[in-house]
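Notes follow the structure.
Position 1 is the first residue of the sequence, and the numbers go up from there.
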Amino acid sequence: MYAAYISDEDILFTRHYGKYEGAEACAAVLSTLAANPNAARLKAVCLNLSAVTSVTLESTDRAYASFFLQKLASYNQGVSGMLFVRVFDPVNVVINELIDERDQRLNRHLFNLENVANVHSVPDALKALGLPADYRIEYPAEN
């Protein structure tokens, strides 16, 4: 499950919690863009994964990566030059390892890994995004 929105700074924020279903981060990005068809080109995506309690390896193949990139392009978005910041729970090693396995399978087809920052707190994410420490993330009701 997740909550997501696009900020005035053209950053797509997602917060994932509970069971992480399939390619939930990709689904969150695409559904948020579908709900905001006139969104400016995104500067960054911030994925807060710190409340995820279980993960599967579904939807981690090259075909899904191609589908995601095509759908992203249909919203006039692209991953080139976009920063991806992921917030992990530093204590939940098992979940983090499964998410890392997903990354090894999927992200090698999607992203320049130099544009991905992994952090262990929201303040560290804000810093990586170039936002002030007192920036308030305003998630809508969960999906």
Evaluate Phe88 against Val119 for side chain to side chain contact (heavy atoms under 4.5 Å, CB included), listing each step before the verdict. CA-CA 6 Å; Phe88 291 101; Val119 298; over 6 Å; no
Do you know the tightest heavy-atom contact between Val87 and Ala125? CG2-CB, 3.6 Å
Contacts under 3.5 angstrom, residues 68-84 side chains, donor-acceptor by atom type, not counting sequence neighbours:
from	atom 1	to	atom 2	distance (Å)
Ser74	OG	Lys71	O	2.5
Gln77	OE1	Leu42	N	2.8
Gln77	NE2	Ala40	O	3.0

If you look only at distance, which donor and acceptor atoms sit under 3.5 Å apart when one is on a side chain in residues 126-137 and the other is two or more places apart or in another chain?
from	atom 1	to	atom 2	distance (Å)
Tyr135	OH	Glu9	OE1	2.6
Arg136	NE	Glu138	OE2	2.7

Under the ring-ring contact (aromatic ring centres under 6.0 Å, His included) rule, what pairs show up with a residue in residues 31-53, not counting sequence neighbours? none
Give a yes or no on whether the backbone of Thr32 and the side-chain of Asn36 come within a donor-acceptor separation of less than 3.5 Å. yes
What residues form a side-chain hydrogen bond (donor to acceptor under 3.5 Å, both in side chains) with Ser121, not counting sequence neighbours? Asp124
Excluding sequence neighbours, so at least two apart, what forms side-chain hydrogen bond (donor to acceptor under 3.5 Å, both in side chains) with Glu21? none
Taking side chain to side chain donor-acceptor pair (under 3.5 Å) as the cut-off, I'd like each qualifying pair that reaches into residues 39-52, sequence neighbours left out, listed once. Asn48-Ser50
Quick one: OG1 on Thr53 to CG on Asp89, what's the gap to the nearest 0.5 Å? 11.0 Å
Residue pair Lys19, Thr56: steps toward the side chain to side chain contact (heavy atoms under 4.5 Å, CB included) verdict: CA-CA 8 Å; Lys19 184 177 180 182; Thr56 71; 4.2 Å; yes
Quick one: does Tyr20's side chain have a donor or acceptor within less than 3.5 Å of a partner on Ala25's backbone? yes
Results of side chain to side chain contact (heavy atoms under 4.5 Å, CB included) for Ala28 - residues two or more places apart only: Tyr2, Thr14, His16
Does Leu47 form a side chain to side chain contact (heavy atoms under 4.5 Å, CB included) with Val45? I'd like the steps, not just the answer. CA-CA 6 Å; Leu47 306 167; Val45 173; 3.7 Å; yes
Quick one: OH on Tyr17 to CE on Met1, what's the gap to the nearest 0.5 Å? 4.5 Å
Would you please test Ile11 and Ile6 for side chain to side chain contact (heavy atoms under 4.5 Å, CB included) and show each step? CA-CA 6 Å; Ile11 299 170; Ile6 299 172; over 6 Å; no
Can you sort out the partners of Asn118 under side-chain hydrogen bond (donor to acceptor under 3.5 Å, both in side chains), two or more places apart, ordered by chain and number? Arg86
